[in-house]
Participant: 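This is the structure I want to talk about, given as structure tokens.
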Amino acid sequence: MYRAGNLLKEVLARAGFDPDAPEARIYRVWDDILGHDLAGRARLRDIDRGRLVVEVDHPAWMQLVQMRQSRILRRVARRFPALGISRMHLLVNPAPRSEEEDAPPPAPRRGRDPAPGSDPV
């Protein structure tokens with residue numbers, strides 16, 4: 001009797017799927033490549049001819065990913081040079097979420113915080 005996990009591994013192996021191939025491993029470490037603040041908001045959807053296809057659920061998250069695109073591509077190139085990734089394509093696909101989850105990210109903070117009790121201008 002086969003366990004479901006063993007059966008799935010056997011089926012995937014017969015289909016030529018290698019779980020240790022870079023194309024499979026990148027999905028497992030994607031959130032680490034992005035960083036904790038973008039993890040879960042930008043999903044890797046495909047790898048196509050040297051291009052990452054990344055989906056976000058809000059235009060504001062797209063802007064944050066665009067701002068960090070060079071850093072993300074450098075991290076991918078360093079960890080997965082065999083993939084030859086040099087570009088990124090971003091898509092916005094709003095998913096039904098709660099109001100709190102659907103809120104855009106907070107604006108980046110610049111400079112120092114105002115002193116406690118002071119009235120920011």
Side-chain angles (χ1 to χ4, degrees):
M1 178 188 247
Y2 278 123
R3 291 181 163 215
N6 292 338
L7 182 60
L8 181 59
K9 285 179 187 176
E10 185 176 322
V11 168
L12 291 174
R14 286 183 183 181
F17 177 77
D18 179 5
D20 295 323
E23 294 86 355
R25 287 187 332 196
I26 191 172
Y27 285 91
R28 293 193 298 264
V29 299
W30 179 247
D31 284 351
D32 184 45
I33 289 170
L34 286 178
H36 72 279
D37 57 337
L38 290 176
R41 293 297 188 164
R43 291 167 294 286
L44 180 58
R45 288 295 177 211
D46 196 10
I47 300 169
D48 180 40
R49 297 174 299 209
R51 176 182 71 158
L52 299 174
V53 179
V54 178
E55 181 182 271
V56 297
D57 58 8
H58 193 280
W61 291 111
M62 178 184 262
Q63 287 182 323
L64 284 174
V65 172
Q66 285 173 329
M67 288 171 32
R68 297 181 189 166
Q69 183 171 334
S70 295
R71 182 184 325 161
I72 293 166
L73 290 172
R74 279 194 309 271
R75 287 178 178 174
V76 169
R78 187 171 46 246
R79 289 177 83 164
F80 302 99
L83 294 178
I85 302 296
S86 61
R87 302 174 321 224
M88 186 183 301
H89 179 72
L90 296 166
L91 306 167
V92 176
N93 184 14
R97 297 178 173 269
S98 70
E99 284 184 31
E100 181 179 309
E101 287 181 326
D102 198 34
R109 299 174 86 174
R110 298 186 192 266
R112 298 185 327 160
D113 291 335
S118 67
D119 188 25
V121 178

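Residue numbers run from 1 in the order of the sequence given.
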Participant: Provide the closest heavy-atom pair for E23 versus I26 in the form atom of the first, atom of the second, distance.
Facilitator: O-CG2, 3.7 Å
Participant: Out of curiosity, M62 CE to Q69 CD, how far, rounded to the nearest 0.5 Å?
Facilitator: 10.0 Å
Participant: State, yes or no, whether a side-chain contact exists between I47 and F80 at a heavy-atom distance under 4.5 Å.
Facilitator: no
Participant: Work out which heavy atom in N93 is nearest to a heavy atom in R43; give both atom names and the distance.
Facilitator: O-NH2, 4.5 Å
Participant: Return the minimal non-hydrogen interatomic distance between D37 and W61, and the atom names on each side.
Facilitator: O-CZ3, 3.6 Å
Participant: Let me confirm one number: the CZ-CG distance from R87 to D48, rounded to the nearest 0.5 Å.
Facilitator: 7.5 Å
Participant: Between R78 and P81, which heavy-atom pair has the shortest distance, and what is it?
Facilitator: O-CD, 3.8 Å
Participant: When you group the ILVMFWY residues by side-chain heavy-atom contacts below 4.5 Å and let the links chain together, are L52 and L91 in the same group?
Facilitator: no
Participant: Is there a continuous path of hydrophobic side-chain contacts, each under 4.5 Å between heavy atoms, that joins V92 to V53?
Facilitator: no
Participant: Can you name the closest pair of heavy atoms from R75 and D32 and give their distance?
Facilitator: NH1-O, 4.1 Å
Participant: So do the side chains of V54 and W30 get within less than 4.5 Å of each other, counting heavy atoms only?
Facilitator: yes
Participant: Supply the atom-to-atom distance D31 CG to H36 NE2, rounded to the nearest 0.5 angstrom.
Facilitator: 12.0 Å
Participant: Taking all non-hydrogen atoms of both residues into account, name the closest pair between S86 and L73 and its distance.
Facilitator: O-CD1, 3.8 Å
